[in-house]
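Letters A, B, ... are given to chains in the order of the sequence lines, protein chains preceding strands, and every chain is numbered from 1. Hydrogens, waters and symmetry mates are skipped; everything else that's a heavy atom, side chains included, is used.
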Amino acid sequence: MSEVQQALLSDDAKAKIDVWLAKYPADRRQSAIIPALHIAQEEHHGWLPENVIEAVADYVGIPHIAAFEVATFYSMYDLKPVGKHKIGVCTSISCMLRGSDELADHIKQRLDIDWDGTSSDGKFTLQEVECLGACRHAPAVLFDKAYLENVTPEDIDKIIAGEE
Amino acid sequence: MTDETIEIEIDGKSLSAQPGQMLIEVADANDIRIPRFCYHKKLTVAANCRMCLVEVEKSPKPLPACATPVAPGMVVQTHSAKALDAQKSVMEFLLINHPLDCPICDQGGQCELQDVAMGYGKDVSRYTERKRVVADKDIGPLIATEMTRCIHCTRCVRFGEEVAGLRELGATGRGEFTEIGTYISHSIKSELSGNVIDLCPVGALTAKPSRFTSRPWELEQMPTIAPHDCVGSNMYLHTRRQEVMRAAPRENEALNETWLSDRDRFSYEGIHSKERLLTPRIKRNGKWVDVDWQTALNVAKIGLEKIIASHTAEKVGALISPSATTEEMYLLQKLLRSLDCHNVDHRLRQADFSGQGLAPNFYGTPIRFKELSTLDSILLVGSHLQYEQPIVNLKVRKASLAGGKVMALNPIDYDFNYPLHAKVIAKPFDMLNNLIAIAKVLAQGSSQGLPGTVAAANVEVNDNIRAIAAQLKASNSSALILGAIAFNHPQFNAMYELAELISDMSGSQLVCLPEGANSAGAWLAGAIPHREAVSLDIKKPGLDAKRMMEAKLKAYITFGIEPELDCANPSIVKRALDEADFNVVVTAFSSDSIDAFADVQLPLATFAETSGSYVNAEGGWQTFKGTVKPKGEARPGWKILRVLGNLFDVEGFAYTTSIEVQHELRKQLETLQIKNRQERRFNMDTPHIEGLQRISTWPIYRGDSLVRHAESLQQTTTNDPAAVAMNSKLAAELYLKDGGEAVVKQQYSEVRLPVRIDERVPDGCAYIPGGYSETAALGECFGKIDIERS
Ligand code: SF4
Ligand code: FES
Ligand code: FES
């Protein structure tokens, strides 16, 4: 693996990946690819450029394509640039019945974006997510790593204002 | 697995099975047809297509036969209403997205999906929505993709991971958006990539060179033997109206199993090359004129006769391709020897012939190729096995996967598709010392003394050497594999003797894998200067391939080769051929370089156009028939030689078939005296080389004239380019950078070559491949060179 490639991962990220690698047998390093990609995504502004995925694959010691398979399978990995914060609105059945469409429309208007769009100030990206398992308190929103429940347009306004 | 068998019942038939077997295996073994897509007997079970659903008694739901292990008393129905219903439903799902472009699909007529749809599909689709469309991918010059047709069976993915050992294809995305591809667009690199064409049950992956050229039902399937390596993979050529359209593997479990290397699969393209020589030609007043065979052969005969009359037959030399048929080898040497000339050789790239008198009957393997996959340890000595012998490498990889340890002593740190337990990467002229070091470690604590010269050699022992020696010694079963680099090395004989010694001391097998398809046949048929057919020693041997060129003979016959691209020292070869009075060139391809030195050119049939036989490194004879008529006026080599023999009035040249030639040789082989091991000389002198050393091998698709003319293979990135490769340290010392240009000087000549940085090349060395006209002005494969910035 080239030095240039490896420079795409900070020492800190590598140390964090090492923690995960240590949890699996030496011949099962592939098992650490999911957390490793998360770690890399975090330090690359919330998304995974192709060369970063390759660097992670090299570091973990698996073929590039095996890392791409994982990165393209899970919606939690973003393969295009995103804003500083990701607003994931659940549109699955319970949330839909409890007003997720209105919620999403509100956000779209407020930030002048569509699904997967990023606000012009680069702060927010709106994403449609599948059931978050929080149906009991629908509609649910995943704001970065935080679960928000019973979300109203006003709640969203507050959050957006708070970050602005 | 145990030996006990269990009884099961499929479709009312009682069958016995081994515990652990899957239902589908038992059904296959008993000719009960269960439809399938993802299952393949050589790959792991993925069970993702669900096409093989069958009804199993006591199971509420149908079960996939490919993933259901047999159990005693199991009662299975493959065609019950329940099974058929399940199979039809799966088929309906598969056809939801599969395009209906069979009329323009290369797979049409040999498509597993088409076949199964015929049996299980409905005429009418209930699906009215748009079908999914997947953008095509460019994965290189060998494989065409039509990914909309893919049914995601993942056979191609599993092949890369499990067999080829190079995972390049994968399934990205998910659900409806799953796509098979490389993700980042690049050319597939595996030397076995073409096998996914056979594996793909639909028309998603098809052969690019033969795309849109024929329909399967127009083709005739002709069995033959692959002409590039010492395995002799069994294959079919698919022909239409006397044209080879494509190639496919022919299953032979002991050799190539169900696989074929890309080199064997796509080299047929060379048959159609524009550079084929189509008519006999003679040089008249410096100009080439096409003539008929009789004229050309007469000119050849009279020319040679003149040389013999004025200089003796010893001034004639003949070089033959190591991939020529045994019959051609036999007739060429018989012709020359009947004229009293022993200057005949097939060892075009060998540099050291000092031990030839003590050589075995032929260099080969004492164990079968398939046994390699069961060994505990294997030491590669001077071999880029993966590219030299792709099929043998598969066996070694199997050994590695089963826990065997593979080790290497090489001048370049090749990436193999298995891990190396220990490796020594040494400059070419340090390789011998490393072998000595291994022998010395093995000798420690053993009563067996080392030969004096070996014991006296002052060599360095490092941890890698110790690891190699320890591993060989500790193994119950092990082998040393001597590859092309060892064979072409200027100290081949010493390396061979040491490899033999190490094998003895460690209880290993010594496996020799020389280049060419028929090195063993050449030795047995007498295409060597020091032994006649059937290993009969000659009192006064002729000149070997190297000396023939150094001696500047008066006339040469070259057979099936492009001398400047096929020989060890092209600059010496060129000088000898240019200065000779008369050259007869029997060749399938013409070129400027051949035009320059030849006096007569006789068009030769390729392997597909002639009958004959190859002897592989196991010593196995494989006879094949011609599959198509030779192009133009080209003629099978054995016929050309027969007529020449007749013109020279040599007795016993009245053959009417190549089989007669073979019988004549094989009859004599009944009296073959096995060459027992003789006293070895152990000449351990290593020349002292100051400065840079050249490393030269023939890239995977540059090794013989047929493959060099196969265009698609030439476009792959698997082939090392004509460049000078060195590590970045040396490049920095020489002020060179990647992509720049360097002047390379060797002996009396120099060439300009692009620079390639390759960290696998050791310090103080540069890798410059042979087989390219760009490097053909240079000298020997291993030796001193100078490199400067241009
Ligand atoms: S490309 Fe062919 S072999 Fe590969 S997954 Fe698709 S259908 Fe299967
Ligand atoms: S449907 Fe939105 S959380 Fe389950
Ligand atoms: S062949 Fe059994 S599931 Fe595909």
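Using a 4.5 Å cut-off on side-chain heavy atoms (C-beta onward), B:Glu161 and A:Pro63 make no contact. Side-chain atoms of A:Ile65 and B:Val157, non-hydrogen and from C-beta on, never get closer than 4.5 Å to each other.
More than 12 heavy-atom neighbours from other residues, nucleotides or ligands sit within 6.0 angstrom of NZ on B:Lys42. Residue A:Glu130 places its CD atom among 12 or fewer non-hydrogen atoms of other residues, nucleotides or ligands, all under 6.0 Å distant. More than 12 heavy atoms of other residues, nucleotides or ligands lie within 6.0 Å of NZ in A:Lys14, so this atom counts as buried by the packing criterion. Remark: A:Trp47 CH2 is packed, more than 12 non-hydrogen atoms of other residues, nucleotides or ligands lying under 6.0 Å away. Around CZ of B:Phe93, the count of heavy atoms belonging to other residues, nucleotides or ligands within 6.0 Å does not exceed 12. Within a 6.0 Å radius of CD in A:Gln109, no more than 12 heavy atoms belonging to other residues, nucleotides or ligands are found. In this structure, A:Asp112 places its CG atom where only 12 or fewer heavy-atom neighbours from other residues, nucleotides or ligands lie under 6.0 Å away.
Both the backbone and the side chain of A:Ala66 come within contact range of chain B, judged by heavy atoms closer than 4.5 Å. For chain A, the nearby part of B:Glu168 is the backbone; its heavy atoms alone come within less than 4.5 Å. Contact annotation for B:Leu166: neither backbone nor side-chain heavy atoms come within less than 4.5 Å of a heavy atom of chain A. Contacts of A:Ile53 with chain B are absent, with no heavy-atom separation under 4.5 Å from either backbone or side chain.
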* **side-chain contact (heavy atoms from CB on, under 4.5 Å) between A:Phe68 and B:Ile184, intermediate numbers included** => CA-CA 9 Å; A:Phe68 285 120; B:Ile184 303 282; 3.6 Å; yes
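With A:Thr72 contributing its side chain and B:Gly173 its backbone, the two residues share a donor-acceptor pair below 3.5 Å.
In terms of heavy-atom proximity, B:Tyr183 sits nearest to A:Glu50 at CE2-OE2, 3.9 Å.
Salt bridge A:Glu69/B:Arg167: present, at least one basic N to carboxylate O contact under 4.0 Å.
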